[in-house]
**Student:** 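Dropping a structure here in structure tokens format, bear with me for questions.
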Amino acid sequence: MKHLIAISAPSGSGKTTLCKALQEVMPEIEWSVSYTTRERRSIETNGVDYNFISSDEFEELILEEHLAEWENVHGFYYGTSKSILENAISNGRMLLLEMDVKGSMRIKKLYPEDTFSIFIIPPSIGHLRERLIKRGTDSEKRIEIRLQRFQQEMEYKVRFDHVMINEDLDVAKTELIEIVNELKEGVLNGT
Ligand code: 5GP
């Protein structure tokens with residue numbers, strides 16, 4: 001069984017909604033709570049969505065080698081605790097990781113036997129812009145930065161174990177749940 005499911009997608013592609021839907025159906029799957037220096041959005045809870053920390057605290061985590069991987073995304077630090085990953089593997093539990101493409105590739109490289117990577121594509125860049133505007137959490141400038149990054153992230157999709165399109169949320173939910181079920185039962189294994 002693959003213990004680590006690394007999910008990447010350009011932000012605003014519906015990845016968070018999909019991951020939450022998956023957790024509702026399979027509550028036994030844990031969620032890796034990343035550290036970030038980004039400011040907390042009003043709908044987010046510290047310790048649940050992210051551990052929100054200062055840049056100084058983040059740099060200390062890097063120095064102490066507490067992180068399995070970290071990235072500077074859109075000008076903020078994001079990183080994953082090494083111990084959360086290693087506990088999941090040694091306790092035989094499944095852990096969901098939501099991270100940028102480089103993060104997923106890094107986890108795959110560090111834990112090749114234990115990682116299955118999934119890339120979620122939004123139907124089009126037009127849709128993505130619309131979703132980001134609707135979400136209302138980013139300024140116009142931030143949205144443009146995120147869209148530029150979208151083009152770069154799309155180049156990584158061939159390196160993932162599975163690529164899916166979030167054209168219709170219900171279809172995508174079913175697809176994701178099926179994949180994870182197959183991983184759990186050992187039907188699907190990835191490379
Ligand atoms: P957001 O600010 O929209 O929550 O996240 C921005 C980007 O950072 C998203 O692509 C998200 O998946 C990514 N991200 C979140 N946590 C981590 C992490 O621990 N490591 C890496 N490499 N990326 C992360």
Side-chain angles (χ1 to χ4, degrees), residues 4-23 30-55 57-62 64-88 95-111 115-122 125 128-157 159-160 163-164 166 172 176:
L4 310 178
I5 307 169
I7 302 189
S8 292
S11 52
S13 64
K15 166 184 58 174
T16 309
T17 313
L18 284 173
C19 291
K20 293 214 162 120
L22 178 68
Q23 270 208 319
E30 283 176 40
W31 182 287
S32 163
V33 181
S34 300
Y35 290 97
T36 185
T37 59
R38 164 169 75 60
E39 74 283 8
R40 187 177 63 81
R41 296 179 186 135
S42 56
I43 48 157
E44 291 175 323
T45 309
N46 189 24
V48 175
D49 296 288
Y50 283 106
N51 292 307
F52 295 94
I53 58 173
S54 68
S55 297
E57 287 170 318
F58 199 99
E59 280 159 15
E60 210 166 305
L61 292 180
I62 300 173
E64 287 170 356
E65 298 186 2
H66 184 78
L67 303 175
E69 64 76 43
W70 61 271
E71 276 298 326
N72 190 315
V73 186
H74 315 306
F76 299 103
Y77 283 132
Y78 293 83
T80 307
S81 150
K82 207 185 282 177
S83 57
I84 294 183
L85 305 185
E86 291 177 357
N87 281 341
L95 188 72
L96 201 64
L97 303 139
E98 193 202 306
M99 45 188 25
D100 84 311
V101 287
K102 286 192 188 152
S104 286
M105 293 299 97
R106 176 100 186 110
I107 297 297
K108 183 88 190 172
K109 202 166 176 187
L110 285 173
Y111 307 98
T115 308
F116 188 84
S117 56
I118 301 175
F119 189 92
I120 303 173
I121 309 181
I125 195 153
L128 186 58
R129 179 177 276 114
E130 227 173 81
R131 275 196 208 177
L132 289 172
I133 293 170
K134 250 196 225 153
R135 188 168 77 179
T137 56
D138 293 279
S139 65
E140 221 170 280
K141 187 166 164 244
R142 274 255 203 126
I143 289 178
E144 285 318 310
I145 295 174
R146 284 180 185 270
L147 291 175
Q148 269 173 22
R149 197 178 164 85
F150 166 79
Q151 305 284 14
Q152 294 163 2
E153 294 209 326
M154 286 296 279
E155 288 168 21
Y156 279 82
K157 69 176 193 293
R159 294 161 63 177
F160 280 71
V163 178
M164 54 181 276
N166 185 7
L176 186 61

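Along the sequence shown, the residues carry numbers beginning at 1. All ligand and atom numbering here is 1-based and tracks the order in the structure.
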**Student:** Would you mind running through ligand 1 and noting each atom that sits below 4.0 Å from a heavy atom of T80?
**Tutor:**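 Result: 18 (C), 19 (O), 20 (N).
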
**Student:** Examine the proximity of ligand 1 to R41 and report which part, side chain or backbone, both or neither, has a heavy atom under 4.0 Å away.
**Tutor:**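 Side chain only.
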
**Student:** Considering only heavy atoms, which of V33, T36, D100 lies nearest to atom 23 (N) of ligand 1?
**Tutor:**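 When every heavy atom of V33, T36, D100 is considered, D100 comes closest to atom 23 (N) of ligand 1.
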
**Student:** Compute whether any side-chain donor of one residue and acceptor of the other, for T36 and S34, lie under 3.5 angstrom apart.
**Tutor:**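 Side chains of T36 and S34: no pair found under 3.5 Å.
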
**Student:** Suppose I only count heavy atoms of K15 and a 4.0 Å limit; which atoms of ligand 1 are within that range?
**Tutor:**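 Every atom of ligand 1 under 4.0 Å from some heavy atom of K15: 9 (C), 10 (O), 11 (C), 12 (O).
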
**Student:** Backbone or side chain, does any N or O of S34 fall under 3.5 Å from an N or O of ligand 1?
**Tutor:**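 Yes; at least one N/O pair falls below 3.5 Å.
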
**Student:** Salt bridge check, R129 against E140: does any charged N sit closer than 4.0 Å to a carboxylate O?
**Tutor:**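 No, this pair does not count.
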
**Student:** Using heavy atoms and a 4.0 Å limit, tell me yes or no: is R146 in contact with ligand 1?
**Tutor:**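 Yes, R146 has heavy atoms under 4.0 Å from ligand 1.
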
**Student:** Just to be sure I'm reading this right: ignoring hydrogens, which of H74, E71, M99 gets closest to atom 14 (N) of ligand 1? Compare them by their nearest heavy atoms.
**Tutor:**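 The nearest heavy atom belongs to M99.
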
**Student:** Would you say R38 has any N or O atom under 3.5 Å from an N or O of ligand 1, going by distance alone?
**Tutor:**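 The answer is yes, given that R38 and ligand 1 share an N or O pair closer than 3.5 Å.
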
**Student:** Should R41 and D49 count as an ion pair when the cut-off is N to O under 4.0 Å?
**Tutor:**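 Salt bridge between R41 and D49, a charged N being under 4.0 Å from a carboxylate O: no.
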
**Student:** Just say parallel, tilted or perpendicular for the rings of F119 and F160, cut-offs at 30° and 60°.
**Tutor:**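 Because their plane-to-plane angle is over 60°, the rings of F119 and F160 count as perpendicular.
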
**Student:** Give the numbers and elements of all ligand 1 atoms closer than 4.0 Å to a heavy atom of V73.
**Tutor:**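 In order of number, 7 (C), 8 (O).
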
**Student:** Is it the case that atom CD in E39 sees more than 12 heavy atoms from other parts of the structure closer than 6.0 Å?
**Tutor:**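 More than 12 heavy atoms, drawn from other residues, nucleotides or ligands, come within 6.0 Å of this atom.
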
**Student:** So if I count the atoms of ligand 1 from 1 in the order they appear, which ones are less than 4.0 Å from some heavy atom of G79?
**Tutor:**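 Once the distances to G79 are compared, the set is 18 (C), 19 (O).
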
**Student:** Determine whether any heavy atom of Y50 lies closer than 4.0 Å to an atom of ligand 1.
**Tutor:**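 Under 4.0 Å: yes for Y50.
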
**Student:** Is there a side-chain contact between L176 and I7, using heavy atoms and a 4.5 Å cut-off?
**Tutor:**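 Sidechains of I7 and L176: in contact.
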
**Student:** Closest by any non-hydrogen atom to atom 8 (O) of ligand 1: pick that one out of Y77, F150, Y35, Y78.
**Tutor:**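 Result: the heavy atom closest to atom 8 (O) of ligand 1 is in Y78.
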
**Student:** Would you call R38 and E44 a salt bridge, using N to O less than 4.0 angstrom?
**Tutor:**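 Yes, R38 and E44 are salt-bridged.
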
**Student:** Identify which one of L4, L85, L95 satisfies the side chain to side chain contact (heavy atoms under 4.5 Å, CB included) criterion when paired with T80.
**Tutor:**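 Output: one option passes, namely L85.
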
